[in-house]
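Structure, as structure tokens:
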2 protein chains.
Amino acid sequence: MTRICKDGFNREFIQEKPKMYGIAYTQNILSGRWKYLILWFLKTKKRRYSEIKAFLGNISQGSLTKQLRGLEADGIIKRKVYPNIPPRVEYSLTSKGEALIPIIDLMGEFGIEFGEKG
Amino acid sequence: MTRICKDGFNREFIQEKPKMYGIAYTQNILSGRWKYLILWFLKTKKRRYSEIKAFLGNISQGSLTKQLRGLEADGIIKRKVYPNIPPRVEYSLTSKGEALIPIIDLMGEFGIEFGEKG
DNA sequence: CGGTATCCCTAAAGATACTG
DNA sequence: CAGTATCTTTAGGGATACCG
């Protein structure tokens with residue numbers, strides 16, 4: 001008889017739960033195709049909405065806005081609006097967001113070593 | 001006039017392409033809800049199909065099989081079948097798969113530090 | 001310039017039933 | 001035990017049109 005926690009993780013592995021939750025949490029806030037690349041683009045400096053869009057190339061406006069709002073809601077990036085006409089909006093990493101950069105760097109290195117040549 | 005590569009990345013950032021491809025590649029082979037947790041569970045030793053299923057708790061058989069086949073196709077895990085009745089199948093990391101463990105460990109640490117308590 | 005709002009499409013995941 | 005097969009549901013993302 002299996003005994004499953006309400007969260008879905010088996011009780012047998014209860015000692016592993018914090019790490020599992022950590023992994024699931026991180027995976028969740030980075031879910032989707034674009035967030036890793038957006039954060040990596042913000043790694044060196046703050047960027048405008050239009051710069052991010054140009055960097056990603058073929059993302060739609062709707063998707064980009066959704067990604068940015070999601071990252072902001074999770075405390076990963078900051079959004080600063082300059083009330084000009086035309087408007088100017090800059091995005092930058094929070095300290096929480098900066099803590100994700102080593103993960104993304106490792107992912108880049110792994111892909112360079114093991115991925116098909118692009 | 002923006003000039004976009006066929007791959008969607010803007011030419012302005014052509015020097016960054018290897019890293020971006022690396023990130024996108026890694027993200028792609030780890031896409032989905034379960035792969036990080038499966039790899040982390042295989043970190044210490046090989047595991048049977050039923051062990052993985054028990055560990056994950058509420059994954060469906062269909063989804064688990066799809067995840068495992070995907071990881072195998074990408075060279076991340078090995079699948080070994082013992083032709084017994086009843087059958088016994090063991091999964092283990094390849095060296096490529098082991099190279100992903102530091103990434104997953106970092107994700108776990110990030111989640112423990114910054115995630116909501118679970 | 002930096003968005004919203006709406007609709008559509010696809011891939012990922014889940015439920016259920018069946019099998020060598 | 002370790003799957004397959006089928007169907008349904010859901011989330012992510014894209015296209016398009018419009019707005020302050």
Side-chain angles (χ1 to χ4, degrees), chain A residues 1-2 4 6-10 24-25 27-39 41-42 46-74 76-92, chain B residues 1-2 4 6-10 24 27-39 41-42 46-74 77-92:
Chain A
M1 167 188 173
T2 53
I4 308 293
K6 277 208 297 291
D7 50 50
F9 293 141
N10 194 302
Y25 172 79
Q27 198 267 322
N28 194 259
I29 65 175
L30 291 176
S31 64
R33 246 178 94 181
W34 300 109
K35 286 175 182 166
Y36 293 94
L37 292 172
I38 293 170
L39 296 184
F41 186 57
L42 297 178
K46 62 189 176 199
R47 305 279 195 172
R48 298 181 62 167
Y49 181 94
S50 51
E51 291 179 298
I52 300 171
K53 184 150 186 355
F55 175 66
L56 296 174
N58 60 357
I59 192 175
S60 66
Q61 277 188 329
S63 292
L64 178 53
T65 300
K66 259 185 260 176
Q67 305 304 312
L68 293 170
R69 292 287 177 279
L71 289 168
E72 195 188 0
D74 285 323
I76 308 299
I77 62 172
K78 279 182 299 246
R79 178 171 181 268
K80 176 154 192 191
V81 182
Y82 297 85
N84 304 338
I85 304 284
R88 173 189 187 85
V89 179
E90 282 176 351
Y91 293 90
S92 58
Chain B
M1 167 185 173
T2 53
I4 306 295
K6 276 209 297 293
D7 51 49
F9 293 140
N10 195 302
Q27 198 267 324
N28 194 258
I29 66 176
L30 291 175
S31 66
R33 248 178 93 181
W34 299 109
K35 287 174 181 168
Y36 294 94
L37 292 171
I38 292 171
L39 295 184
F41 186 56
L42 296 178
K46 63 190 175 196
R47 305 279 194 173
R48 297 182 63 169
Y49 181 94
S50 53
E51 291 179 298
I52 300 171
K53 183 150 187 356
F55 174 67
L56 296 174
N58 60 357
I59 191 175
S60 67
Q61 278 187 328
S63 292
L64 178 53
T65 299
K66 260 185 258 177
Q67 305 304 312
L68 293 169
R69 293 289 178 277
L71 289 168
E72 195 189 0
D74 285 324
I77 62 173
K78 279 183 300 248
R79 177 172 181 267
K80 176 154 191 190
V81 182
Y82 296 86
N84 304 338
I85 305 283
R88 173 189 188 85
V89 179
E90 282 175 352
Y91 293 90
S92 59

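Below, chain A is the first sequence line, B the second, and so on; all start at residue 1. Side-chain atoms are counted along with the backbone in the values below, which use heavy atoms only and exclude waters and symmetry mates.
- For B:Asn84 and D:dG3, the CG to P distance is 13 Å, given to the nearest whole Å.
- Overall, the helix from C:dC1-D:dG20 to C:dG20-D:dC1 carries an axis bend of 50° between its ends, with five pairs at each end and the value rounded to 10°.
- The phosphate of C:dG2 has OP1 or OP2 within less than 4.0 Å of a side-chain N or O from A:Ser50.
- Phosphate proximity of D:dC1 to B:Arg48: absent, as no side-chain N or O sits under 4.0 Å from OP1 or OP2.
- D:dA2 atom C1' lies 15 Å from atom CD1 of B:Ile38, rounded to whole Å.
- Legend: residues meeting side-chain hydrogen bond (donor to acceptor under 3.5 Å, both in side chains) with B:Ser60, ordered by chain and number and at least two apart, are B:Ser63.
- Atom-to-atom, OH of B:Tyr82 to C1' of D:dG3 comes out at 18 Å; the value is rounded to the nearest Å.
- Rounded to an integer number of Å, the gap from B:Arg47 CZ to D:dC1 P is 17 Å.
- Residues passing the ring pair (Phe, Tyr, Trp, His ring centres under 6.0 Å) test with A:Tyr25, sequence neighbours excluded: none.
- Between the side chain of A:Gln27 and the main chain of B:Gly32, a donor-acceptor pair closer than 3.5 Å is present.
- For B:Arg33, there are no side-chain hydrogen bond (donor to acceptor under 3.5 Å, both in side chains) partners two or more places apart in sequence or in a different chain.
- Atom CD1 of B:Ile52 is separated from atom P of D:dA2 by 9 Å (rounded to the nearest Å).
- Regarding B:Lys53, its NZ atom lies at a distance of 12 Å from the C1' atom of D:dG3, rounded to whole Å.
- Rounded to a whole Å, the CG atom of B:Leu68 is 7 Å from the P atom of D:dG3.
- With a 4.5 Å cut-off on side-chain heavy atoms, A:Asn28 and A:Asp74 do not count as touching.
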Encode nucleotides 4-15 of chain D as B, S and - characters from 5' to 3', where the letter depends on protein heavy atoms closer than 4.0 Å: B to the base, S only to sugar-phosphate, - to neither.
B-------SBB-

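- Evaluation of the salt bridge (charged side-chain N to carboxylate O under 4.0 Å, His left out) rule for A:Lys66 yields no partner, not counting sequence neighbours.
- Listed by first and then second residue, the salt bridge (Lys or Arg N to Asp or Glu O under 4.0 Å) pairs involving residues 77-88 of chain B are B:Arg88-B:Glu90 (not counting sequence neighbours).
- Put simply, B:Tyr91 has a side-chain N or O that comes within less than 4.0 Å of OP1 or OP2 on D:dG3.
- Taking the ring pair (Phe, Tyr, Trp, His ring centres under 6.0 Å) definition, one finds that B:Phe41 meets it with A:Phe13, B:Phe55, sequence neighbours left out.
- Take B:Thr65 and apply the side-chain hydrogen bond (donor to acceptor under 3.5 Å, both in side chains) test, not counting sequence neighbours, and it matches B:Tyr49.
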